[in-house]
Amino acid sequence: MTKKTDDPDSDFNSLIRHIQESRGIDFRGYKRTSLERRIRRRMEEVGCDSFAAYHAFLEAHPQEFVDLLNTVLINVTSFFRDGEAWEVMRREVVPRILERKVDEAPIRIWSVGCASGEEPYSLAMMFAEALGTAEFCRRVKIYATDLDDAALNTARHATYGPRDVESVPEPLLERYFERIGNHYVFQRDLRKCVIFGRHNVVSDAPISRIDLLICRNLLIYLEADTQGVVLPRLHYALVNDGFLFLGKAETQLARSRMFEPVDLKSRIFAKVPQEWRRSAGGSLSLANDAGSPRVNQQVRLLESIVDGSSTGYLAVNAEGVLVFANTHARRLFDVEESDIGRPFHDLTISYRPTELRSRIEEVRNSGRMVRIEHQPFTRPGAEPVRLTIEVSPLYSRDGKAFATLLSFFDTSRIYLLQQEIEAAQESLETTIEELQSSNEELETTNEELQSTNEELETTNEELQSTNEELETMNEELRSTNEELEVANEELRRQGEEAGEYRLYSESILRSIDVGIIVLDDNLTVQSWNRWSENVWGLRNEEVTGEVFLDLDIGLPVQRLRRPLHDILTTQAPVEPVEITVMDRRGRRITCRIRLSPLLYDTRLARGVVLIIEDVTERARSDAFAEYLGRIIGESLNEVYFIDPATFSFQLVNKGAELKLGYSLESLRQIALYDLMPDIDALAFTRLVGPLLSGEKAEIVFETTIEGPDRTLRPMEICMQYFAEEQPPILVAMAHDVTERQRIGLDDSRAEVASR
């Protein structure tokens, strides 16, 4: 007999660990039978006959993870799935949430296992209908979580096909979806209030302060122990009066003390608060006189009740010392009389059947009871039992905690019954899951059959129409032959027109008095007009087909390499370039080169067009104008540029700025007549009126200019108006006539003396 070397359980566990390490998804809490069945289904599809082989296949094909997760994480969802349950939510749960949320308090909702987003968006529409869109966007936050990153990505885009939105009522579809092509996109404002994220409800910390938590058809895929971890997390996530909405196949909460049903048929539950509150000082009152016979009688009565109880009690004071142990606790844990008064952490009971020191510290800090369920405990020579431990604070009359009470209950029978119930429940849930999966597969098969039937009907119609088309095809072929003859004649005519058009376009290019060079996207010359032939000395047929950057002409083509490549990349014109070149006669000329993309109907650059213009004379004129302006600007003669509307200074030369005694910034705030004490604005306007109207080409007048130091200078001013400039400008040239007057005065005195 040969020994079997393969261990399927070990291979399966190794595969699960590989999935967790590679993708961070922990399947350890899922029901093994369901998980194994779904992985085997995927193995059959890729042709792997063992878990070890599939493990190797995953390592070699990382993209297989996507298909595996889609198979294991059953992303079956729809808008308003199970409509009757959603109607109960709308009618009973939503009004209760809004009623207790006074003063416009925020509303927090959590959708666990949201898949591709239909469920959280259904919640958004339901609350938007109750609150209005503006109020919803201001108050409501919906947290939607899932393990499947691909499904979360689909949910964030919020784009669905016509079949996906079939279950959305028509008014809601029109109000909250925008149709784009053959898809429906959920409304942007509401979508901003839905926050999607990756979250493992088994291992990650729960989201807190939730008013409504939806976890539909997720718990049925988890082991019973994992459900025992998840349910307290969901309980913790909810506020005290929060609601939990499960799928119709889930019955876990029917036996849970953490939730009470609101509508059991619809699987809607309300949280049962687990806060333990005790009145300060306990529930028993003793007389102040400790020596009273009544007090002694009550003490004996209490001792008899406690010692006769089937529950074991231990009490630890604030200093951590064991101060009390009833008869049942002493017998159960072998506590001796000498142990009373010893530190609790020195006793075996402090860590067996479970670690209690940290729990005592937790109760002291929080002031709340801690319950530890079904801890295994075995005494020598006795049957193993299950103990449930409650650790609770004891309060004195002044309301202060003075000790901690540990209560030990034998819950062995309850534990066994619960195990049997959970096993039956797990079997039932597995059956429900399998039925649900089969139902989904049947629904899919039914849809495929319907689609196939429709395709067959369509094919039949197409065959009938094909027969009709074949009957008419001979007639069409005969008419096509005639059309081809006409088309042939048309092609000949178009060829002649194309030749004429080419000659016409070439004539235009040759007649333009600038250089035009056309390059393709490889910078090869395609066209070279007559101006280029005259300037560079190369004929069109000599350069056509040559690489432009390899041409040896008077134009330094290498300086154009970067602009040419840039224009092919950006497909946009670049700034013109001015270059000094040498023509075929050896003359130096200045050329202005403009480069533009050669665009066809596709809007993609198919090449470059270079337009070269001889701007030698223009450059000389510009240089002369610049030279003239520089001379006038530095001249000591006074030149003013005046605004014809306000008569304020716009610009003055250096001589004017020096002699007027003001900076240019100051002069721009002053009108010309403000410096003339012997004339006002109205008189000045009348003076220059003929000049502005065009009656006179220039006016010359004498006046007095006042400097910043109040000194007066007699001036002769000649003004001209340049109306064609943009903007129009008044130009004044001023001459100081002080010296002229002084010379005239000296001549008069000499004449009088000679007489």
Side-chain angles (χ1 to χ4, degrees), residues 29 31 76-77 80-101 107-115 118-120 122-124 126-127 130 140-146 199 201-202 204-276 371 373 418 421-422 424-426 428-429 432-433 436:
K31 292 180 181 177
V76 177
T77 184
F80 300 105
R81 188 180 187 189
D82 303 329
E84 294 181 1
W86 280 92
E87 179 60 25
V88 174
M89 286 280 295
R90 184 194 64 79
R91 189 176 62 250
E92 297 185 14
V93 176
V94 173
R96 289 169 64 177
I97 293 176
L98 299 182
E99 181 179 356
R100 61 179 171 77
K101 283 293 181 178
I107 299 171
R108 294 164 61 87
I109 304 170
W110 184 10
S111 173
V112 180
C114 66
E118 287 88 340
E119 186 176 273
S122 298
L123 286 167
M126 186 171 64
F127 275 86
V140 180
K141 285 290 183 187
I142 299 176
Y143 301 92
T145 62
D146 200 282
H199 183 275
V201 73
V202 177
D204 295 337
I207 301 172
S208 61
R209 296 180 288 111
I210 298 299
D211 298 291
L212 172 60
L213 195 154
I214 296 187
C215 181
R216 310 198 70 207
N217 298 326
L218 171 65
L219 299 177
I220 60 175
Y221 301 112
L222 303 181
E223 296 282 0
D225 292 342
T226 308
Q227 293 177 5
V229 173
V230 171
L231 282 176
R233 290 174 178 268
L234 302 184
H235 183 274
Y236 171 81
L238 288 167
V239 296
N240 280 342
D241 45 3
F243 296 92
L244 177 64
F245 184 19
L246 298 180
K248 65 180 180 180
E250 295 173 307
T251 59
Q252 290 85 353
L253 297 192
R255 63 179 187 275
S256 174
R257 292 180 296 175
M258 292 184 288
F259 298 91
E260 61 181 5
V262 175
D263 189 302
L264 189 58
K265 180 181 178 182
S266 300
R267 300 293 187 266
I268 301 174
F269 300 86
K271 175 180 177 179
V272 175
Q274 296 295 312
E275 299 179 5
W276 293 80
R371 183 180 178 92
E373 299 278 357
Q418 184 175 337
I421 293 173
E422 288 180 353
Q425 179 69 21
E426 180 178 354
L428 177 61
E429 290 170 355
I432 291 174
E433 178 195 348
Q436 183 175 351

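Here the structure is a predicted model, which is why all the values come from computation and not from measurement. Values reported hereafter were calculated over all heavy atoms of this structure, with side chains retained and with hydrogens, waters and symmetry mates removed.
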How about L234 and L238: do any of their side-chain heavy atoms sit closer than 4.5 Å?
no

Rounded to the nearest 0.5 Å, how far does CD of E87 lie from CE of M89?
11.5 Å

Measuring from S111:OG to I214:CD1, what's the distance to the nearest 0.5 Å?
6.0 Å

Check whether any side-chain N or O of D211 sits under 3.5 Å from a backbone N or O of I107 as a donor-acceptor pair, and report yes or no.
no

Donor-acceptor check, side chain of R267 to backbone of F245, threshold 3.5 angstrom: yes or no?
no

Starting at CG of L428, measure out to CD1 of I421 and round the result to the nearest 0.5 Å.
12.5 Å

I109 side, atom CD1; F127 side, atom CZ - distance, nearest 0.5 Å:
4.0 Å

side-chain contact (heavy atoms from CB on, under 4.5 Å) evaluation trace for V201 with C215
CA-CA 10 Å; V201 73; C215 181; 5.9 Å; no

T145 versus W110, side-chain donor and acceptor atoms under 3.5 Å:
yes

Any donor-acceptor pair under 3.5 Å from R216 side chain to R81 backbone:
yes

So, the side chain of S266 versus the backbone of V88: is there a donor-acceptor pair under 3.5 Å, distance only?
no

Under the rule for side-chain hydrogen bond (donor to acceptor under 3.5 Å, both in side chains), what residues qualify as partners of D204, not counting sequence neighbours?
none

Got a salt bridge between R371 and E373, using NZ or NE/NH1/NH2 to carboxylate O under 4.0 Å?
yes

Can you tell me if K271 uses its side chain to pair, donor with acceptor, with the backbone of H235 under 3.5 Å?
yes

Check: T77/E119 side-chain N/O donor and acceptor closer than 3.5 Å:
no

